[in-house]
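So that the names make sense, note that chain A is the first sequence line, chain B the second, and so on, each numbered from 1.
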Amino acid sequence: MGSMIYLKDVATLALDSQKCTGCGMCLDVCPHGVFKMNGQGLQIADRNACMECGACSRNCPAGAISVQSGVGCAAAVINSMLGRNGGECCCGPQTGQNQTAKSGGCCC
Amino acid sequence: MEENTKGLDAGGKFEFPIIQEQAGCGCGGDNAADADDSGSSLDQPFVSGSLSTPAGLLPKVSSRLTRQDRWGTIKARFGVGRMNYAVHPGLYALGEPDENAPVLVTANYKMSFDCLRQALPGRNAWILVLDTKGINVWCAAGKGTFGTNELVYRIEASGLKKVVRHRKMVLPQLGAPGIAAHQVKKLSGFKAHYGPVRARDIPAYLDNGLRASREMRIVTFPLADRAVLIPIELLGAAKPFALLSLALLVLAGILGRSGFQTNLLHDGVFAVVALFAALFGGAVLTPLLLPWLPGRAFSVKGLSIGLVTALALMMARGVDVGAWAGRVEVLAWLLIIPAIAAYLAMNFTGASTYTSLSGVKKEMRFALPLEITAGILGLMVWITSLILRWE
């Protein structure tokens with residue numbers, strides 16, 4: 001069985017090729033092999049495999065990658081709709097003051 | 001198992017140093033980390049000794065897990081003490097590390113910590129444990145507690161700079177959503193190298209000059225990793241299941257044609273069995289059969305399991321579909337069981353290693369209203385079937 005693919009054409013991943021310096025950090029941190037480096041530079045080779053974890057954008061020194069990150073978790077989305085728990089699924093209280101950007105992300 | 005991963009793996013699968021827990025997701029409560037600034041204390045059951053360093057006496061740990069460690073893992077998998085299963089943050093010595101030994105970073109969820117050290121038999125290394133409030137690497141990275149600030153703080157607080165001469169550290173790849181390696185370098189002087197996803201690949205990664213193969217960088221979600229997540233899924237559904245069962249038993253007793261007790265035994269017990277079948281389909285069969293179920297949306301996968309389960313159950317019960325009451329009852333369960341199974345399957349997105357937030361939101365927009373509607377409608381139809389028997 002190859003890599004599992006969730007819903008297609010939904011990932012918010014975007015690459016600004018102008019800013020990319022080709023350092024390859026995103027290739028290291030992506031857990032789903034979404035990026036590829038070839039003759040023309042960095043490419044998003046498998047967008048549908050992106051789980052929007054945000055590792056690439058956080059570790060891009062050039063700020064060339066953007067993604068609305070969060071962990072795909074139905075319980076977290078429900079909790080956030082109900083205004084409970086800061087939109088986490090099972091985890092304790094949100095600790096980071098700066099983490100509000102993760103609308104409905106969490107762990108479990 | 002793996003060790004550290006997100007839990008994806010193994011529930012842990014993602015375990016790179018973290019992952020394993022994801023499954024459990026290990027989300028701990030905040031009380032897990034009361035020990036914050038006391039540093040890595042020697043007074044913890046898994047500490048096997050101490051090592052004198054320029055930063056003081058540091059706790060030594062072994063790569064061999066004790067029976068107590070293993071039992072702790074099992075308990076956490078079943079939700080016992082899972083929210084408070086933490087080690088003290090700080091610096092630990094694995095084996096007999098010297099000033100040139102590698103530095104490995106992990107979360108202070110005990111299962112993450114155990115996964116990591118267990119993957120390094122015969123190795124000498126420093127383990128820097130961040131305060132993630134007892135949560136595994138992957139989940140904590142998503143929340144930001146396994147983050148740049150905490151790492152930089154912990155490097156200073158632990159005295160790591162006095163303990164090692166080099167300025168390199170190995171981070172779990174699944175911690176990358178929380179940590180910006182370039183900022184760590186700027187703020188602490190340490191160059192952060194992302195290790196493999198799974199702790200078991202760390203020895204090969206170290207021996208290969210801190211290079212990971214492509215396979216080591218990819219998160220998977222094999223059967224074993226999905227299976228370990230099942231107990232927590234079941235536990236999460238236990239309370240609603242119990243309440244709903246009670247409600248159905250009482251309804252069946254009151255609304256049935258015969259006396260309360262007879263009804264309860266005839267319709268009520270079957271209703272509980274049917275509920276359990278829905279739970280089993282959504283929280284057990286769906287995770288196990290995940291890659292082979294039709295559809296990409298988890299709710300669709302759960303729906304198909306639910307339909308099959310419902311049909312099988314109706315055949316087993318031998319409902320008399322010649323009568324209206326029987327037909328209506330079949331309809332009720334064909335609505336209720338798939339609705340519940342689909343809902344539970346949808347919830348498994350949180351434990352999976354490949355669902356995106358955008359995808360989950362999209363799925364929920366169509367699935368959640370349908371699940372709720374089918375569930376309520378099914379309940380009404382079921383009540384109708386009880387009343388129909390009065391005739």
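The minimum heavy-atom distance linking A:Tyr6 with B:Arg296 is given by the pair O-CD, 3.1 Å.
Contacts between A:Cys60 and chain B at a heavy-atom distance below 4.5 Å involve the backbone alone (N, CA, C, O). Residue contact with chain B, scored on non-hydrogen atoms closer than 4.5 Å, involves the backbone of A:Cys30 exclusively. Residue contact with chain A, scored on non-hydrogen atoms closer than 4.5 Å, involves the backbone of B:Ile179 exclusively.
For the pair A:Asn59 (side chain) and B:Ala176 (backbone), a donor-acceptor distance under 3.5 Å is present. A distance-only check finds no donor-acceptor pair linking the side chain of A:His32 to the backbone of B:Thr220 [under 3.5 Å]. Distance alone, capped at 3.5 Å, is enough to place a donor-acceptor pair between the B:Gln173 side chain and the A:Val29 backbone. No donor-acceptor distance shorter than 3.5 angstrom exists from the side chain of A:Asp28 to the backbone of B:Tyr194, with no hydrogens or angles considered.
Two residues are said to be in side-chain contact when any heavy atoms from C-beta on lie closer than 4.5 Å; B:Val360 and A:Leu7 fail this criterion. Inter-residue side-chain proximity for A:Ile78 and B:Met364 is flagged as met; some heavy-atom pair is nearer than 4.5 Å. Two residues are said to be in side-chain contact when any heavy atoms from C-beta on lie closer than 4.5 Å; B:Ser356 and A:Val10 meet this criterion. Annotation: side chain of B:Arg217 is not in contact with side chain of A:Pro31 (no heavy-atom distance under 4.5 Å).
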Begin with the C-alpha distance, continue with both residues' side-chain angles, and end with the deciding distance and a verdict on side chain to side chain contact (heavy atoms under 4.5 Å, CB included) for B:Thr349 and A:Val77.
CA-CA 11 Å; B:Thr349 51; A:Val77 177; over 6 Å; no
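For the residue pair B:Ser358 and A:Gln68, no side-chain donor N or O sits within less than 3.5 Å of a side-chain acceptor on the partner.
Applying a 4.5 Å heavy-atom cutoff, none of the residues of residues 14-22 of chain A approach chain B.
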